[in-house]
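Scroll down for the structure; my scribbles are underneath it.
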Number of protein chains: 2
Amino acid sequence: MKKKITLKHIARELDVSISTVSKALKNSEEIGRDTKEKIQAFAKLYNYKPNNIAISLKNKRTKNIGVIVPDIVHYFFTTVVRGIEKYANAKGYNVIVCLSDESFDKEVINMEMLANGSIDGFIMSLSAGTEKNNDFNHLREVTEQGIPLVLFDRVTDEIACDKVVIDDVLGAYQATKKLIDEGRKKIALLTTEDFFSVSRSRNKGYMKALTDSGMEIKEEHILRLPFMDIDEDLISDFLSAVRPDAVLSVNEIFGIYGMRVLQRCGMRVPEDVSIIGFTDGLLAKHANPSLTSVAQHGEKMGETAAKMLIDRVESEDDDDASYRTTILEPTLIERDSTIG
Amino acid sequence: MKKKITLKHIARELDVSISTVSKALKNSEEIGRDTKEKIQAFAKLYNYKPNNIAISLKNKRTKNIGVIVPDIVHYFFTTVVRGIEKYANAKGYNVIVCLSDESFDKEVINMEMLANGSIDGFIMSLSAGTEKNNDFNHLREVTEQGIPLVLFDRVTDEIACDKVVIDDVLGAYQATKKLIDEGRKKIALLTTEDFFSVSRSRNKGYMKALTDSGMEIKEEHILRLPFMDIDEDLISDFLSAVRPDAVLSVNEIFGIYGMRVLQRCGMRVPEDVSIIGFTDGLLAKHANPSLTSVAQHGEKMGETAAKMLIDRVESEDDDDASYRTTILEPTLIERDSTIG
DNA sequence: CAAGTTCACGAAAACGGTTTCGTGTTAATA
DNA sequence: TATTAACACGAAACCGTTTTCGTGAACTTG
């Protein structure tokens, strides 16, 4: 087993000082031609690579960024992580991924684990538990220590930091408008419990579109489902009662379930009922019929968040506390669950 | 901005030595009651947390594990990462995720980035590029340095290390057998190019099942598709030509495409044709009809890999080079694309 | 009261680098 | 020839911990 070689080893072997080796390997002008070549050759031969940990300790820079997401099985978060990875890697950063599993406690624990020197900054999306608790002290502690933080998608006004979101109001507005323009009269909304910031925004867009078109907002056309453990019966009962001619879902999965329920009731999609979901994921793409969706551009969001974070990390002036919120434009991807 | 507090700060403030502070915070018997209480109180007050990097440098243990996967958007890898995360987190480890993006070069770069002290061990699944190149020197270098490595799913015999896979031959065998038992006579196989180890195994299982049942293996019933950029026409032409009464796909996505193509041709699933895919993912679950699949138990695989790695990392005796290969049993999840 | 213990703490090395600041030798200059 | 500048390198501090070892003071013991 070839153990890792250190500067000390090289220095001993070549009978020079550690400092000389360090400088020689950085090609410092300070060191003479011969010595430099000798050291560099030796280092190459033994495949010397500096120890990241030692460098991190010295520089107080780890070149790691911490990403805390509620889940990684959901397509949207997956694409965001991929976007972060892509940008960060190109910049020489590693990505440490932690899953909060929608739990406030896990989110806190993960933050604390990483906040003690493991990372240069955080990118995160709030867990359901955190949004429910409305408790952001862990975020505050981190930012107060001067650790850069970028929130994406599920964000909060309580914390001053960089943020990147899509215009959820607009996305829902456009989707609803599209349904109205098709001539739909009874547009149901499948949404989540109210503590999710994104759902609130999407609800708002839905309502605004209705109002702008002179349509009435009927509370009985809105179904607020618990986020986890989807109960198909709830959706089924709701849709059977409402008998909508269009459905807007604030996520992908409710949309898929909704479509299936309606099809089972003998409704044809999109002839009898149009459906639009959020999150342009694999399910939407491969559903039958494919699901018209509001694309959240997760990968772009991830890249943007990573860029914002790394810019912040690498800028010396941390006093420049002019935090920015980047708002990405959603895109309505028209597929076969709506009429051309 | 409250900067992180260090032992040195506490020592200065309380007019004791750094060593005393360190010991006091570890509740060492060596330190007197009063001093200990004073120091602990101060530390609590200022929320002292030891710097992970410094500890890593000292212990030569980072409590980080490096995970390199080809992609993170595919359901299977996602679940594996989640399993790894789950186990590793419970053990106090962080997970650094790197994406090789199916590229040999990126895989190598990522390994090198992490191998210089950033992690205690690797968990990885080979990129397509690596399997194609058949070049495993980067893995060899890592293992020769004594860095523990666990390969999962896409593994190679070339490298001596711990591995965890499912029994792909068996999975395909059982799936094919199931189709045969249904009375299917013309079972097509949708597979990938041959350099993927898992596809080779699954092909083998398919063939063995046919042979065992006295059926002929016909090369023209097998379609080998390029892994990326699925060309639906290729599938369409193939299935129109073969007109199979059953299809086995070595992954999820080919199965979904195959099903759609057949449905477009007017075939009813499962009445006219049965379909089984690999990877029991979201697409399979929500397809219409839902797709009978060979579950790869990604989360279990991830947990197992993490356990193997951490056991290896934490065992002192690295001479114990008795590497193990854990073989998980696949499970056939019967859904609506086959006959009850 | 001398010798040996115990107690409570500090000094210093170590982990593996980077970097500042000497310093001895040689070569150029006055 | 004496002075100085340039050159090539080393010593040491530092990043934040842990840990070994040493030591002065107080205390026990014979």
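Per chain, numbering begins at 1; letters A, B, ... match sequence-line order.
Between its opening and closing five pairs, the helix from C:dC1-D:dG30 to C:dA30-D:dT1 changes axis direction by 70°, a value rounded to 10 degrees.
Salt-bridge check for B:Lys38 with B:Asp34: failed, with every basic side-chain N at 4.0 Å or more from each acidic carboxylate O. Contact check on B:Lys63 versus B:Asp120 returns no salt bridge, with no Lys/Arg side-chain nitrogen under 4.0 Å from an Asp/Glu carboxylate oxygen.
Comparing B:Lys58 and A:Ser22 along DNA chain C, the residue whose closest nucleotide (by nearest heavy atom) sits nearer the 5' end is B:Lys58. Position along DNA chain C of the nearest nucleotide to B:Gly32 versus A:Leu7 favours B:Gly32 as the more 5'-ward residue.
At a non-hydrogen distance threshold of 4.0 Å, nothing from residues 109-119 of chain A comes into contact with DNA chain C. Contacts between residues 33-46 of chain A and DNA chain D, counted as heavy-atom distances below 4.0 Å, involve A:Thr35.
Phosphate proximity of C:dC9 to B:Lys23: absent, as no side-chain N or O sits under 4.0 Å from OP1 or OP2.
Between B:Ser100 and B:Ser103, the side chains place no donor N or O within less than 3.5 Å of an acceptor N or O (distance only, hydrogens not considered).
In terms of polar N and O atoms assigned as donor or acceptor, the side chain of B:Ser19 comes within less than 3.5 Å of the base of C:dA11 in a complementary pairing.
For the pair B:Ser22 (side chain) and B:Ile18 (backbone), a donor-acceptor distance under 3.5 Å is absent. The backbone N or O of A:Asn94 sits nowhere less than 3.5 Å from a side-chain atom of A:Asn89 that would complete a donor-acceptor pair. Within the 3.5 Å criterion, the main-chain N or O of B:Thr156 finds a donor-acceptor partner in the side chain of B:Lys163. Side-chain N or O atoms of B:Lys36 include one that pairs as donor or acceptor with a backbone N or O of B:Ser28 at under 3.5 Å. The main-chain N or O of B:Arg61 is never found under 3.5 Å from a side-chain atom of B:Asn59 such that the two would form a donor-acceptor pair.
Nucleotide C:dA8 holds its P atom 22 Å from the CD1 atom of B:Ile18, rounded to whole Å. Here the P atom of nucleotide C:dT19 and the CG atom of A:Asn59 are 7 Å apart, to the nearest Å. Note: CD (B:Glu29) to C1' (C:dA8) measures 12 Å, nearest angstrom. Nucleotide C:dA8 holds its P atom 17 Å from the CG atom of B:Leu14, rounded to whole Å. The nearest whole Å value for the distance from the CG atom in A:Asn27 to the C1' atom in C:dT18 is 16 Å. To the nearest angstrom, P of C:dT6 lies 15 Å from CD of B:Glu30. With rounding to whole Å, A:Ile5 atom CD1 is found 17 Å from C:dC15 atom C1'.
Aromatic rings of B:His138 and B:Phe104 (six-membered ring for Trp) have centroids within the 6.0 Å cut-off, being under it.
Between B:Val73 and A:Arg82, some side-chain heavy-atom pair lies under the 4.5 Å cut-off.
Relative orientation of the B:Phe77 and B:His74 rings is perpendicular, given thresholds of 30° and 60° on the angle between their planes.
Applying the salt bridge (Lys or Arg N to Asp or Glu O under 4.0 Å) rule to A:Lys23 yields the partners A:Glu30; only residues at least two apart in sequence or on another chain are considered.
For DNA chain D, the contact window with chain A, defined by any atom under 4.0 Å from a protein heavy atom, covers D:dA8 to D:dG16 in 5' to 3' order.
Contacts classified as salt bridge (charged side-chain N to carboxylate O under 4.0 Å, His left out) and involving residues 106-115 of chain A (residues at least two apart or in different chains) are given here: A:Asp101-A:Lys106.
The line from OH of B:Tyr93 to OG1 of B:Thr62 is 8.0 Å long, rounded to the nearest 0.5 Å.
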